[in-house]
Amino acid sequence: MSVRVRFAPSPTGSMHVGNVRTALFDVLLARSLGGSFVLRVEDTDRNRYDPQSLEDIYGSLRWLGLTWDEGPDIGGPHAPYVQSERLERYQVAAERLLSGGHAYRCYCSSQRLAQLRESGHVGYDRHCRDLSEEQRRSGEASGSGSVVRLRVPEEGSVGFEDGILGTVERAAADITADPVLLKSDGFPTYHLAAIVDDAEMEISHVLRSQEWVPSTPIHLLVQEALDLPRPAYLHLPPVNGPDGRKLGKRHGATAVAEFRERGYLPEAMVNHLALVGWSPGDDRELFSFDELAAAFSLEGINKAPGIFDHGKLDWFNGQHLRRLDDAALAQRVRPYLAEAGVDVGGALDAAAALIRERLTVLVDAPQWLSFLGQDPRLSAAELTPKRLDAAATAQLLRAAQPLLEPVWAGADAADDAVDASLRQLADDHAAKFGDLMMALRMAATGSKVSPPLFGTMRVLGAEATRRRIARAIDTLTAAANANGGATSD
RNA sequence: GUCUCCAUCGUCUAGCGGUUAGGACACCGGGUUUUCAUCCCGGCAACAGGGGUUCGACUCCCCUUGGAGAUGCCA
């Protein structure tokens, strides 16, 4: 039997890291076993349906490189892949269950159900389970519609072998009492739709969140009643928020789209996500997508819930950022620079290379290159290293100026020589090399923190750099004269 | 309330009866360095508790505790 896995999101909200982790495991399983990955949209809840959510789902999956072999947009042998377009199938299935005595029509009003709840009763009281012909007729006659409920046996138990949890057994009495399979609006609930579709789409492995374990017996009952094959069930451990609770609205940044905007690489997201709930069994941490597909196996999946740790994601992002070559990094960084209005001219690749080691997320890129903006306006005090005074600093800068020229000659070929000549210069003036560099850094970038200076100067350009240093010399000289040569502090 | 699942450093995890309980992130030191960062080295830090089983339990069983989930005409 061929391996076929499906990811079946419902378009009712944005895709969060937990959902996408499931999708990732789906893809990894399919890829590692040479199977197919099916995307199916479960839009059977008309009230919560959100068209924007669908875009978010597609966008998030694509961004992460989790591409499907069959799905709503590309079709496939079992199209359509949108449940709202498959209603007849569920209705037919419901009819079969009805005629086979495995399900029954329920005429209870939502008011009655609400009352039941308020009175403290948990679950459905099976009020319509064994209606007389007469009661049934009056129910139909009332015209207020009906739902189809599964007739869950009252005795015995239902069990299955979960691929991750092992044997799961549940007493019939503990199974949700007669869940609704077909709603009064003619749409199926998950319990019917997913089972029918999984069978029809020949799904071999169902990977889904552990929250589904309690309702799996329902699914088995439906399957059995419909005489459908049973796929392997693998219930994945949940991915919880930092507080250890189920991911939800209160957890801030959990939407995949948000991570994307903040400049996390899809490679890093995938890498980190894969390691929450799965382990290769050895000490490896850094993986490319292909490496994951190669290493992935069901045995490595964990049972215990995990927390999506943002700190580790940062680390992964840095690692993957550093794996990008100049051109690739430049492309990733470009939109963020444009957004922030930082103009690097034709030096995008060089600029990217300059900040690679300093980036955690792409949104940080603009501030590392902010020296490209206006010429800094600095006071003599700001320009003067602690161990020097204005006069000495001016003198150093003046002497350093010509020595910097080779920096612009080409790539970084001359940097070592420039470095050596500047060290010599500092030495000659009985100054610290670090102080000289800091004075140059302040003059050229207006900041005590910058990427490596020579590269920074190259990206800034010869003209701007010379201008800024000249200006700094002027400022320092003026201050030195005013002070009559005294300390400029 | 009832049912289900889960339980190793703060976090992600390795371990599948005999280990100084390993790695990674974070954190704290130190080193390299032109600032920042990277990088390198070192340190801190865990088997929830109690019973069994066994010559021997982190590993197997039970209970307790803790956490999570389910209990919808949501998925």
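Below, each value reflects all heavy atoms present in this structure, side chains not excepted, and no hydrogens, waters or symmetry copies. Quick note on labels: first sequence line is chain A, next is B, and so on, each numbered from 1.
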Short side-chain N/O contact from [X] to OP1 or OP2 of [N], under 4.0 Å:
X: A:Lys183; N: B:C74; value: yes
X: A:Arg117; N: B:G72; value: yes
X: A:Thr44; N: B:A75; value: yes
X: A:Asn19; N: B:A75; value: no
X: A:Lys312; N: B:U11; value: no
X: A:Lys246; N: B:A70; value: yes
X: A:Arg170; N: B:C3; value: no
X: A:Gln319; N: B:A37; value: no

Taking atom [atom2] of [N] as reference, at what distance in whole Å does atom [atom1] of [X] sit?
X: A:Gln115; N: B:G72; atom1: CD; atom2: P; answer: 16 Å
X: A:His235; N: B:A68; atom1: NE2; atom2: C1'; answer: 15 Å
X: A:Lys448; N: B:C36; atom1: NZ; atom2: P; answer: 10 Å
X: A:Met437; N: B:U34; atom1: CE; atom2: P; answer: 8 Å
X: A:Trp212; N: B:C74; atom1: CH2; atom2: P; answer: 12 Å
X: A:Ile218; N: B:C73; atom1: CD1; atom2: P; answer: 11 Å
X: A:Tyr107; N: B:C73; atom1: OH; atom2: P; answer: 17 Å
X: A:Asp174; N: B:C5; atom1: CG; atom2: P; answer: 11 Å

Would you indicate which nucleotide in [options] comes nearest to any side-chain atom of [X]?
X: A:Val122; options: B:G22, B:G1, B:C73; result: B:G1
X: A:Gln210; options: B:U71, B:C5, B:A37; result: B:C5
X: A:Ile307; options: B:C6, B:A24, B:U11; result: B:U11
X: A:Pro214; options: B:A70, B:A75, B:U34; result: B:A70
X: A:Phe433; options: B:G22, B:A75, B:U34; result: B:U34
X: A:Arg322; options: B:C39, B:C12, B:A75; result: B:C39
X: A:Val213; options: B:U4, B:U35, B:U13; result: B:U4
X: A:Arg358; options: B:C74, B:C5, B:U35; result: B:U35
X: A:Ala304; options: B:A70, B:C36, B:C6; result: B:C6
X: A:Asp309; options: B:U11, B:U33, B:A26; result: B:U11

Identify whether any heavy atom of [X] sits under 4.0 Å from a base atom; if not, whether one sits that close to sugar-phosphate; answer base, sugar-phosphate or nothing.
X: A:Pro452; value: base
X: A:Asn302; value: sugar-phosphate
X: A:Glu42; value: sugar-phosphate
X: A:Leu165; value: sugar-phosphate
X: A:Gly120; value: nothing
X: A:Val180; value: sugar-phosphate
X: A:Ser279; value: sugar-phosphate
X: A:Pro179; value: nothing
X: A:Pro188; value: sugar-phosphate

Can you tell me if [X] and [Y] form a side-chain donor-acceptor pair at under 3.5 Å?
X: A:Asp314; Y: A:Thr360; result: no
X: A:Ser53; Y: A:Arg48; result: no
X: A:Ser144; Y: A:Ser142; result: yes
X: A:Asp197; Y: A:Tyr81; result: no

Identified side-chain contact (heavy atoms from CB on, under 4.5 Å) partner of A:Tyr58 from the options A:Asp56, A:Leu54, A:Leu61: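 The single option meeting the side-chain contact (heavy atoms from CB on, under 4.5 Å) with A:Tyr58 is A:Leu54.
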
Check: [X] ring centroid to [Y] ring centroid under 6.0 Å:
X: A:Tyr190; Y: A:Trp212; result: yes
X: A:Phe259; Y: A:His310; result: yes
X: A:Phe187; Y: A:Tyr90; result: no

Complementary nucleotide for [N] - Watson-Crick or wobble, under 3.5 Å:
N: B:G43; value: B:C27
N: B:C9; value: none
N: B:C16; value: none
N: B:G1; value: B:U71
N: B:U38; value: none

Pairwise [atom1] distance for [N] and [M], with rounding to whole Å:
N: B:U34; M: B:G43; atom1: C1'; result: 29 Å
N: B:C60; M: B:A14; atom1: P; result: 13 Å
N: B:G15; M: B:U71; atom1: P; result: 33 Å
N: B:G52; M: B:C6; atom1: P; result: 25 Å
N: B:G66; M: B:C27; atom1: P; result: 33 Å
N: B:U59; M: B:G18; atom1: C1'; result: 11 Å

5′-ward residue of the pair A:Arg21/A:Ser110 relative to RNA chain B: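 Its nearest nucleotide lies further toward 5', so the answer is A:Arg21.
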
Starting at the 5' end of RNA chain B, which residue's closest nucleotide do you reach first, A:Phe454 or A:Gly281?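 Looking at RNA chain B, the more 5' nearest nucleotide goes with A:Gly281.
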
Here's a test for you: under salt bridge (charged side-chain N to carboxylate O under 4.0 Å, His left out), which of A:Asp325, A:Asp326, A:Asp364 qualifies with A:Arg356?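 So the option named by the test is A:Asp326.
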
Hey, is the side chain of A:Arg441 pairing donor to acceptor with the base of B:U34 inside 3.5 Å?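 Counting by modelled atom types and ignoring angles, a donor-acceptor contact under 3.5 Å is found here.
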
Could one point to a donor on the side chain of A:Ser184 or the base of B:C73 with an acceptor on the other under 3.5 Å away?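 Under the 3.5 Å cut-off, the side chain and the base do form a donor-acceptor pair.
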
Show your reasoning for whether ring pair (Phe, Tyr, Trp, His ring centres under 6.0 Å) applies to A:Phe7 and A:Trp68. CA-CA 9 Å; A:Phe7 178 60; A:Trp68 45 100; 9.4 Å; no

